[in-house]
Amino acid sequence: MDRKAAFYTLGCKLNYSETSTISSQFEREGFDVVDFDSHADVYVINTCTVTENAEKDCRHIVRKALRNNPDAFVAVVGCYAQLRPEQIVKIPGVDVVLGSKEKFDMFTLLDDFKKKELSCIFVSPVESLNDDFHIAYSSDDDARTRAFLKIQDGCDYTCSYCTIPMARGKSRSSQPDEVVERFQHLVESGYKEIILTGVNVGDYGSRIGTDFYQLLLKLVNVEGDFRIRISSIEPNLLEDNIIELIASSEKMCKHVHIPLQSGSDKVLRLMQRRYTTGFYESLIHKLKERIPDIGIGVDVIVGSPGESDEDFAVTHRFLADLPVSYLHVFTYSERPDTKALTIPGMVDVFERKERNRKLRILSDKKRNEFYRSMIGKKLDVLCEHKNENGMIKGFSSNYVRVASPYDESLVNKIISAKISDTDGHLCYVDSREKQESISPKV
C-alpha cells in the first residue's frame, strides 16, 4: 500500500522552497505527496520563529494533522524546532523534532515513520549550520509560472529583535555554478519568473569570494525566456551596480523590496540596523530617478521597545513622503533571548495593533497611488493559469497585480498590457485591446 505524506509551511518563501526540497525527498522514497487536509501517514510541519503567532500556529497545525489521521507520524522541523525543541516535543502527537540542519536528513536519521512511545529530538548546535548549505526551490503555482530559488541562508547581522541568526546560523551561500545550474534547470522546465530568495540575499557570496552582483551577471546571461526578481534586499547592500543592472537589463524585474523597519533614527539604533533614514531616503530617490516606474516595497515593524508616540509619528510621516509602492507591516512581538527584551519602553499591545492599523491604511493609499500612476502605460505582465470570473491575472515586472480578459493561450506567457483602469487592488487591461505574448531580450 502506498504511503502518503503531507506538508505544511509556516513563514517565509525561503521556508516554502525548503519544504519543496523535503517533499521531493519523500517522493523519491516512494511516498505519494497529498494535500495537508487529506488523510496521510506522515505530516511534516516546517516552522517559523519570526513572530509569536507563528509559534502558536505550530500547535494548531499539529492538532489539524491529527484530526486528519490520529495515527499519523508528525514531524516538526525548521526554525522554531531549532530554537525550542523541548517545548515542541511536549505538544501531544509530535513524534520527532528536527532542527534547521536535520530537516534535510530525515531518511538518514529515522528508521521508519511509525509512532513510538517516546518522541525524539534531533537538533544540532546552530554553529554546525555554518558550513552546511542546501539549495532549494519551490513553485508559486501548478502552471510553473514563478519559482523561488534559494541561493543564500543564515545571517551575520545582529538586529536586536531577530532570532533568525540563532535559528539559521551565519551567512552562507550556494556556489555560483550550482546556482546557475539550478537556475538553468528551472528555465528549461518552463518557469518564466525566478525569484532569488534567502535570509539575507544581498549578502550572497560574502564567504566564498564573490558577491550578489557577480551572480546576477551570470544569471542574466543564461539563455531562455525568463525574468529575475529579487525577493528582498537590505538597503546597505543594494549597491549602485545592482541598481544599474536592474535598470539596464530586460531580464531583471523593475521591482525591489527593501526593509526599513522604522522611520526613526533613534529606533533604528535600538534595532541595531546598519543605516540611517537619510541613507534610506536617498536610496529610494536614486531608484526612482534611475527607474521612474520601479515598484518599491518596504518592511516596517511597529511597537518595538523604545518606540514612543513621537517615534511612530516620525515613521508615519517619513513613509508618507517616500515614493514607495506598498508596505509590509509587522507588529513587534517578544522573542526569547533577543536583545530587544532588555530595551526599556515596552509598547502596550493595543497600541501596537493601532499603529499597525494606521500603517496598513497608509500602505493601501500608497498602492492605490502607484497603481493609478500606471493608467495609460504598458506593463510586462506574466499571466497565471487560473480563470477567475473570466479574467486572467498576473504580476507585472514592477509588481503590479494586473487582470485581463481570460485567454488560455496567454497562460505562462509575458504580455505587454496597456493599463486602462484600477480599483487600487488590481489594474485592468482594456478588453478591446488584443493581448499578445512578448519575450524578454537575451
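- The pair Glu307-Arg355 counts as a salt bridge, with a side-chain nitrogen and a carboxylate oxygen less than 4.0 angstrom apart.
- Residue Lys377 places its NZ atom among more than 12 non-hydrogen atoms of other residues, nucleotides or ligands, all under 6.0 Å distant.
- Taking the six-membered ring for Trp, Tyr43 and Phe36 have ring centres closer than 6.0 Å.
- Between His385 and Tyr406, the ring centre distance reaches or exceeds 6.0 Å.
- Electrostatic pairing of Asp37 and Lys64 counts as a salt bridge here, judged by a charged N lying under 4.0 Å from a carboxylate O.
- Salt bridge present: Glu354 and Arg357 bring a charged side-chain N and a carboxylate O closer than 4.0 Å.
- To the nearest 0.5 angstrom, Asp57 atom CG is 7.0 Å from Tyr8 atom OH.
- Using a 4.0 Å cut-off between a side-chain N of Lys or Arg and a carboxylate O of Asp or Glu, Glu178 and Arg182 do not qualify as a salt bridge.
- Panel note: side chain Thr197, backbone Leu149; a donor-acceptor pair is recorded below 3.5 Å.
- For Phe183 and His185, the distance between ring centers is not under 6.0 angstrom.
- Salt bridge Lys358/Glu351: absent, no basic N to carboxylate O contact under 4.0 Å.
- Salt bridge status for Asp153 with Arg168: present, with a side-chain N to carboxylate O gap under 4.0 Å.
- Figure legend: Arg401 and Phe395 shown as a cation-pi pair, the cationic atom lying under 6.0 angstrom from the six-membered ring centre and within 45 degrees of its axis.
- Under a 4.0 Å N-O distance rule, the pair Lys393/Glu384 does not qualify as a salt bridge.
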